[in-house]
**Q** 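Just passing along the structure, written as C-alpha cells.
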Amino acid sequence: MNTTYPFAAIVGQDRMKLALVLNVINPLLSGVLIRGEKGTGKSTACRALAEVLPEIEVLKDSAFMLSPEEVSSGFWQHCHNGTQAQYDLRKVSVVELPVGATEDRVVGTLDLEQALTKGEKRFEPGLLARAHRGFLYVDEVNLLDDHVVDLLLDSAAMGVNSVEREGVSFTHPARFTLVGTMNPEEGELRPQLLDRFGLCVNVAGINDPGQRVEVMERRAAFDQDGEAFTQKWQEESAELADKIIRAKELLPSVEADREILTAIARLCIETGIDGHRGDIIILKTAKTLAAWQGRTQVEAQDVDIAAELALPHRMRRQPFSEMGSAPIGAIG
Amino acid sequence: MVYPFAAIVGQEQMKLALLLNAIDPLIGGVLIRGQKGTAKSTAVRGLAHLLPAQSVVRDCLCACDPSHPESFCPDCLRLSEAGTDLPQTQRSTPVIELPLNATEDMVLGSFDFEKALQKGARVFQPGLLAKAHRGFLYVDEVNLLVDHLVDVIMDAAGSGMNIVEREGISFQHASRFALVGTMNPEEGELRPQLLDRFGLCVAVEGEQDIETRAQLLEQREKFDADQAAHAESCRTASQSISEAITAAGSALVEVVIESHIRSFISNLCLENNVAGHRADLVLQRAARALAAYEGRTKVSEEDVARIAPMVFLHRRREAQSPPPPPPPQSQLQSEQDNPRDDETSDPRESQPPPSQHDSDSQPENQDSPDNSDSDQTNTADMGAEQDAVFSIGDTFKVRSIQSAQDRKLRTGSGRRSISRSSTRRGRYSRSAMSGANNDLALDATVRAAAIHQVHRPERRGMALAIERVDWRFKIRETRMSNFLLFVVDASGSMGAQARMVAVKGAVMSLLLDAYQKRDKIAMISFRGDDAELILPPTSSIETSARLLAELPVGGRTPLAEGIKTAQHELLRQLRREPECRPIALLVTDGKANSSQSGGSPWSHALKCAALAGADQRVRWVVVDTEAKGGMSLGLARQLAGSLNAEYFETEQLKARELIDLVRS
C-alpha cells in the first residue's frame, strides 16, 4: 500500500522533471521551486523522486546523517570518541516538512524526558538534522508559517543549523536541497525565500489530448495495482537512476570557458537581477546539464536552458511586483 | 568550510567596514544592508578566521580580560580578591552568531538546570552575550529578529554590561561586543534606536562589471570544486590581511588626530544633521583605524571623508518638513477652481514617484470628475459616468496600528499585535500549572519541587525528586499578524484635486506595512450605488497592490453600504477564524451622498457605523482623506466617533521618525 507512483512514469512536465533530476545530480544547485495549478503532478514528482536517488555513506546510529568527511574533519568529534566510526549505505532521504510544523520540531530542541528523569541536557534533533545531505520537501511552501520560513532561510544560507533554545546550545550541519511546491493563487513567496531556491519551474496542465489520455490510463493502472505498475516501470526507473549516477561521476570534470562565464555575467546584468546568486546558479546548472548529457564542456545551449530555469523567480525584485514569466532572450 | 574573506571579489566598502571593526572593536560594529546574494553573510563568516588572538582568564565562562580587573565577572572577582593568580590562555577573537530561533534565556544566560537537578546547585549558565564578550555578535537578517531580543541586545550593547535578573538568578558580567548585522531592507526596517547602535552602515549591491562578475564566478567554482585547495591558494592573501589587522590594532594608540581634523569631523556631523554625538565618536575612531591600517600615524581629511558615508548612511535625519502653510483666507471661494491643495496634489510635482512602483499612468486630474469638496448636490449627475484611475502616490512608513492584548492563546505568527502564544515561541513572560505543548518552565518546576524535597526520600541519582505536580509550563507572548480589512472610498469626491493619488499612496503604505507584518488582508471598495468585496481574504499582497493600482474612482458615496459590507465580511472572517483579531481600515472623507435605504445617507451611515462599532472583536481605524483647512466638514471624525474607531488624517499615518533611511 505504500507504493509511490514511479518518477519515470510521469507523463510530460519535462521541465519539472529535469529541474528535479539536476538537483539530484548536483546538490549545490540549492533546490527547486515548482509553481503551478492544482493537479499537475507537482507533489507526485517530488514524492517519487526518492526512488531514483543514489546511495550515500552515513554514520551509523546517528541522527545527523553525517558523511565520513564530516566525521573525520573533526566537525563532529564527540560522535566517535576514540572508537572506529562505522558507516551505513543509505539512500539520500526526502524529508517532508509539514506546513503546520512547529519551530522546535524543525530545528530541534531540548529532550524533555532526559531533562526530567535524568537531569541531563540532551539535544533532540529536528527535521533539519534528518534532511542533511538530502531533500527537504515542503508542499504548499507559500503557506508555511512565517517564522519557520525564516528558520529555513537561516540554515539554507550556510548549511548549518545552530540552535539556542531552552538551555541547549547546539550546532550541526544541515545542508539540504530545498524542494517546494506552491500554487501562486494562494499568495507569493517572499523574495528572500524565492532567492534561496536555485531553480524555478512553472507547470501547467498538459494541452495535448493524447498525453492527457495517457495520464489517465497510467493513473488508473497504478490505482488498480500499484505494485504491478511499479514493477512494469522498474526498468525505466533503474535506467534513470543509473544515468543520474553516471552524470554525478562526470560532473567534477565538466568545464566552462571564460566566454561562457562572461556570457552568464552579461545576461545577469542585462536582466537586472539582485545579487550574484543567479550567476552562480546558472553556471552550476549549465555544468550539471552538460554532465547529464554526457559532455564535459559547457555549451551555449546549456546556459540558455540554465537561465530559463534559474532566472524567472529572480526577476521579481520587489515584494509587490508580480512574478511574470518574463521572456528571456535566446531561448528556443 | 567557510569561503575565505580574501577571496571575496569586489564589495570593497563592506570589507573595509568589517576590517576597521576588527582593528578597533569599539567602533561599534557594522550594519550591512543590501540585496540578496551579495556575500553579506559570507564576508562576516570569513572575517572570523582573520581575527587576532586575545588573552582570557582560563575557564572563565565570561571570557574576562586578565589585564582589566575592573571588568571581571563575579567569579573572577571573587578569585582575584582571594589573592589567587588567575590562569591565562589565548583564544581567537570570537564571532558569535545569534540564530533567529534563539530564546531569551540563551541570549542573556540563565540558570543551569543540569546542575540544579543533579547537584542542587544554583549556577549561572552564561548565554550568547557572554560568549560574544570582546568579540563580535553577528545577527543574520537582523530585521527579522523578534522585538524582545532586539531590546535585550540593545541594552547590552549600550551599557557594555549584561545584567541578569530572572529565573531566580542574579548575575552580571561585562559584555562588550561589536554588533554586526545583515539585512535586506525589503523585509522591513530596523528601529532607529537599534540602528544607532551600529557604528557603521554600508549598502551593498551586486557588481555591475562583467569581468568582475565572471571573476567572481570563477572563484566560486574553484571553491566548490575543492575547498581545501582553494583555501590554500589564497592563504598568503588571508595571512597578510590577518597580520595587517593585528599590526594596525597595536599601532592604534600612536595615530594622532589633530585638532583641525576634529573640527572637520564635528562640522561634517552638523552638516549631516545627525542626532546625538555617537556619529562624531565613531567617525573619529574609524578614521583612526583606517590610518593605522594603511600604516600612517596621522589621520587625514581624506580618511575622514572616506569613512563619513558609512557613518552617516543610517544616522542622517530627515530634514524638518515645514509646517503646512495656512490656507489663504481670501481665496476660499476660488479654491475649487484651483487644482492645488497644500497636502494632496504635491507628491507628483515636487517629488519623483517612488521608483519601485510602476507609475506610468499619470493621473489625469484635469479630466477627472471635477466635483469640489463643498459641492455635494452636484456630484450625482457629474461623477457618475466619468471614472478615472489615479496612479499610486508616494509611500511612507506608517505608524504602528495594532489590536489590544487579550488572554487568548493563538498559534499564528507574524509581527503586528502582541498575543499569548500556544506555540513554543515568543518571550517567556511567566509560568503556570497547566500549559500547552509540553513547554516546560524548568526554573519554576525546580522551585516548585524544592519545597517538597523533605518528604521525598527517593532521588534516583538526582539532587531533586521531581513529580508530575511540580511541573510548570511557560506562558509566552509574541507578536502575531492580524486580519486587515481595507474599506476604501472610491467615489467621485475622492478624485477631486487628484487627492486619490495621495490616498492610494497611503493605502499602498499600509499594504507594505501589512506585508512586513505578514498580515492577511481583504479589500472592499464603495462607489456609485454599492460596495464590493474586490479582494477576498488572502495573504497575496501582490494582488491587492495590483487591484489598488487599477481601482477606478467616480460616482456617489454609498458610505453606509461600505460599512455594512465590511461588517458582513468581518463577521464571516470571525466565524472562519475566531481568533484572527480583525482591524478594519476605513479610508474615506465621510461625504456620504447615496444610500439604498432612501433616507438621509449621512444619518444612515452613522447608524450603520454605530452598529458596526459595537462589535468589540473588531478594531476600527478611520483614515480621513478630506482636505484640511478652509471648509473641512469633519465628517470622518464624527464617523470615527460612531464607529468607536481610532481617527487619523492621512498625514498622521506617517510614523514619526527622525531618521531617513531610504536613500537607495
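Proteins get letters first, then strands, A, B, ... in listed order; numbering begins at 1 in each. Reckoned from all heavy atoms, side chains included, excluding hydrogens, waters and symmetry mates.
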**Q** Can you tell which of B/Glu221, B/Arg220, B/Glu97 has the highest number of heavy-atom pairs within less than 4.5 Å of chain A?
**A** B/Glu221
**Q** Would you say that B/Glu211 contacts A/Thr262 through its side chain, given a criterion of any heavy-atom pair below 4.5 Å between the two side chains?
**A** yes
**Q** Non-hydrogen atoms of chain A under 4.5 Å away: do they reach the side chain of B/Gln208, the backbone, both or neither?
**A** both
**Q** Checking heavy atoms, do the side chain of B/Leu100, its backbone, both or neither come under 4.5 Å from chain A?
**A** both
**Q** If you look at every heavy atom in B/Asp209 and B/Thr212, which pair is closest and at what distance?
**A** OD2-OG1, 2.6 Å
**Q** Could you state the interatomic distance from OG (A/Ser155) to NE2 (A/His172), rounded to the nearest 0.5 Å?
**A** 8.0 Å
**Q** Non-hydrogen atoms of chain B under 4.5 Å away: do they reach the side chain of A/Asn142, the backbone, both or neither?
**A** neither
**Q** Is it the backbone or the side chain of A/Ile280 that comes under 4.5 Å from a heavy atom of chain B, or both, or neither?
**A** both
**Q** Any donor-acceptor pair under 3.5 Å linking the side chain of A/Asp302 with the backbone of A/Glu299?
**A** yes
**Q** If we count only N and O atoms by modelled type, under 3.5 Å, do the side chains of B/Ser41 and B/Asp140 hold a donor and an acceptor together?
**A** yes
**Q** Top residue by heavy-atom pair count (under 4.5 Å) with chain B, among A/Leu251, A/Val168, A/Ile264?
**A** A/Val168
**Q** May I ask you to name which of A/Arg258, A/Lys284, A/His276 has the most heavy-atom pairs under 4.5 Å with chain B?
**A** A/His276
**Q** Could you tell me which residues satisfy side chain to side chain donor-acceptor pair (under 3.5 Å) with B/Gln11, sequence neighbours excluded, listed by chain and number?
**A** none
**Q** If every non-hydrogen atom of B/Ile8 is compared with every non-hydrogen atom of B/Ala39, which pair is closest and at what distance?
**A** CG2-CB, 4.4 Å
**Q** Relative to chain B, which of A/Ile282, A/Ile260, A/Asp195 shows the most heavy atom pairs under 4.5 Å?
**A** A/Asp195
**Q** Chain A heavy atoms under 4.5 Å from B/Leu98: which part of the residue, side chain, backbone, both or neither?
**A** neither
**Q** If we define contacts as heavy-atom pairs under 4.5 Å, which of B/Ala214, B/Gly34, B/Gly206 has the most with chain A?
**A** B/Ala214
**Q** What closest approach, in Å, do A/Pro312 and A/Ala307 show between heavy atoms, and which atom pair accounts for it?
**A** CD-O, 3.9 Å
**Q** B/Arg213, B/Arg45, B/Gln125, B/Glu141: which one forms the most heavy-atom pairs within less than 4.5 Å of chain A?
**A** B/Arg213
